[in-house]
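Atom set for the values below is all heavy atoms of this structure, side chains included, hydrogens, waters and symmetry mates excluded. Each chain gets a letter, A, B and so on, in the order the sequences are listed, and its residues count up from 1.
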2 protein chains.
Amino acid sequence: MGGGHAADPVALPLTRSRGERADAARNRAHLIDVARRMVAELGVDKVTMDGLAERAGLGKGTVFRRFHTRAGIFFALFDEEEQRFQQRVMSGPPPLGPGAPAVERLVAFGRARLEFLAEHTALARAAFDPGRPNLVGDSPSLFHVQMLLSEACPDVAASGTLAVQLVAALEGPVLLYLQAPDDAPGPAPLIGTLADSWQVLVERVCDGGHTPGRSQ
Amino acid sequence: MGGGHAADPVALPLTRSRGERADAARNRAHLIDVARRMVAELGVDKVTMDGLAERAGLGKGTVFRRFHTRAGIFFALFDEEEQRFQQRVMSGPPPLGPGAPAVERLVAFGRARLEFLAEHTALARAAFDPGRPNLVGDSPSLFHVQMLLSEACPDVAASGTLAVQLVAALEGPVLLYLQAPDDAPGPAPLIGTLADSWQVLVERVCDGGHTPGRSQ
DNA sequence: TACATAAGCGGACTGTACCCCGCTTTGTCG
DNA sequence: CGACAAAGCGGGGTACAGTCCGCTTATGTA
């Protein structure tokens, strides 16, 4: 192949940016759209790759090319919500957004995050791909908690592991231990209780429980 | 065989639960045995239900009857290790075992648990069944942390959610965010760092950070 | 020991995630 | 404008988790 008049030894493998082709982008958007509709209509675990492909009028191979795995679809869906959430965190009103002391922001972040996860539990769990780098590994949540923690108590935040553990304390219960949203009589009060515990956790970690008679 | 000179006056309640037939128990033990060998030999994700059934010389239906799901097999394997671990916690030497102050026991528990999980990451992750009650929902770990927390700071432990969050902080990073055991050059130092952070977490939560003790 | 009964067993069957490779479309360069 | 590569597409193929139902075997009773 190509033995003829090869003027260029290398055909510029970097000719243009690795941007995806126009039709590919269109298909991706369409797939996400159809997927969201199917999730709303059938529920997460009734959405199959075949069904999605058929209903989108595309081949199965195309679906996998875009999203790599079944979880990948739900991750894409979840990620859209995640970005909306991030928006509120980064440029919304305090104390969730900037403009409040770090500890207050951490507390507010936890509460908001719990509500967010409670609202999107099904998606978040479906987006979880066992045996993979992972969901929260490079999540904006981790980054944000790490930042606020560094501001609130730099000594303890240095290693970075504490932030990971705090994020795990926040997300783990909802992602791992809670059951389906309509399992218990009321999920809302449980979320509220988790938020309260989170507040205790954060406040005690950050200022050591307000030691009397001794300033820090 | 048997009927004639059976020396068992009473069925042993520990070895045979009511209703499980002798052959069933034998098969369960055999399956677990074969499964462990296969995990050691092929790695967790190369173990299939068909393969296990065939290599055990049993039908596939039998395997599913015993363990319900693929994760169930790894859960059974993991559970055996878990029970050995529990033994150390409940009747081993302090500070992991009884005989030390609650906070010290919590710290020791965290460190031991992290090492334990690091050693059995593959099994633990494989035992995780997405869309199920769950792994840690009624785990001995949760029970134990809840108990020690109630002893160390009853005010804060009352709701029970804080214990859940602490367990999540402990187990989440290893189960969710860490990668394969041989991914990073050294998993051991990371576990050590996590253990240090855990200590900070527990000590600050329990006595609000006015610990006059040593920092190592 | 022979019988009745229920627990256990096997393996064919189904549904679905994911792979593969030849064909089509898109974008670029002469 | 025409042709060439590469990126994208399609859908049949594969492997595996989990189900079903008729047959087998253990166990209590006469």
Peer 1: To the nearest 0.5 angstrom, please state how far the CZ atom of B/R66 sits from the CG atom of B/L58.
Peer 2: 10.0 Å
Peer 1: Rounded to the nearest 0.5 Å, what separation is found between the CG atom of A/L201 and the CG atom of A/L170?
Peer 2: 9.0 Å
Peer 1: Would you say A/T69 places a side-chain N or O within less than 4.0 Å of OP1 or OP2 belonging to C/dA17?
Peer 2: no
Peer 1: So does A/R70 pair up with A/D129, basic N to acidic O under 4.0 Å?
Peer 2: no
Peer 1: If you take the centroid of each ring, where Trp contributes its six-membered ring, are B/F116 and B/F109 closer together than 6.0 Å?
Peer 2: no
Peer 1: Do A/L31 and A/R28 have side chains that get closer than 4.5 Å, going by heavy atoms?
Peer 2: no
Peer 1: Is it true that A/E151 and A/R105 make a salt bridge, defined as a side-chain N closer than 4.0 Å to a carboxylate O?
Peer 2: no
Peer 1: Is the phosphate of C/dG8, meaning OP1 or OP2, less than 4.0 Å from a side-chain N or O of B/T62?
Peer 2: no
Peer 1: How many whole angstroms separate atom CD of A/E20 from atom P of C/dT25?
Peer 2: 19 Å
Peer 1: Take the protein atom CZ of A/F75 and the nucleotide atom P of C/dA17, then report the distance between them rounded to whole Å.
Peer 2: 19 Å
Peer 1: Counting C-beta onward and ignoring hydrogens, is there a side-chain heavy-atom pair between A/S197 and A/L194 closer than 4.5 Å?
Peer 2: no
Peer 1: Taking atom C1' of C/dG8 as reference, at what distance in whole Å does atom CZ of B/F64 sit?
Peer 2: 17 Å
Peer 1: Looking at B/H30 and B/R26, would you say the former's side chain and the latter's main chain have a donor-acceptor pair under 3.5 Å?
Peer 2: no
Peer 1: Provide a list of protein-nucleic acid N or O atom pairs under 3.5 angstrom, restricted to nucleotides 13-15 of chain C.
Peer 2:
none

Peer 1: Atom CG of B/L52 to atom P of D/dA15: distance rounded to whole Å?
Peer 2: 19 Å
Peer 1: Separation of B/D45 atom CG from D/dC16 atom C1', in whole Å?
Peer 2: 13 Å
Peer 1: What is the distance, rounded to the nearest whole Å, between atom CZ of A/F67 and atom C1' of C/dC19?
Peer 2: 18 Å
Peer 1: Quick check for you: to the nearest 0.5 Å, what is the distance between B/L106 atom CG and B/R113 atom CZ?
Peer 2: 13.5 Å
Peer 1: Are any non-hydrogen side-chain atoms of A/M90 and A/H144 less than 4.5 angstrom apart?
Peer 2: no
Peer 1: Rounded to whole Å, how long is the line connecting atom CG of A/D50 with atom C1' of C/dT16?
Peer 2: 7 Å
Peer 1: For nucleotides 20-22 of chain D, list the nitrogen or oxygen atoms of the protein found under 3.5 Å from its nitrogen or oxygen atoms, one pair per line.
Peer 2:
none

Peer 1: Side chain of B/R70, heavy atoms from C-beta onward: which of D/dG18, C/dG8, D/dG8 has the nearest atom to it?
Peer 2: D/dG18
Peer 1: Using a strict cut-off of less than 4.0 Å between a Lys/Arg side-chain nitrogen and an Asp/Glu carboxylate oxygen, indicate whether A/R55 and A/E41 qualify as a salt bridge.
Peer 2: yes
Peer 1: Distance check needed: D/dG10 C1' versus A/M49 CE, whole Å only.
Peer 2: 15 Å
Peer 1: Short of 4.0 Å, heavy atom to strand atom, which residues of residues 22-36 of chain A count as contacting DNA chain D?
Peer 2: A/D23, A/A24, A/N27
Peer 1: Does C/dG8 have its OP1 or OP2 closer than 4.0 Å to a side-chain nitrogen or oxygen of B/R21?
Peer 2: no
Peer 1: Can the ring centres of A/F78 and A/F85 be said to be less than 6.0 Å apart?
Peer 2: no
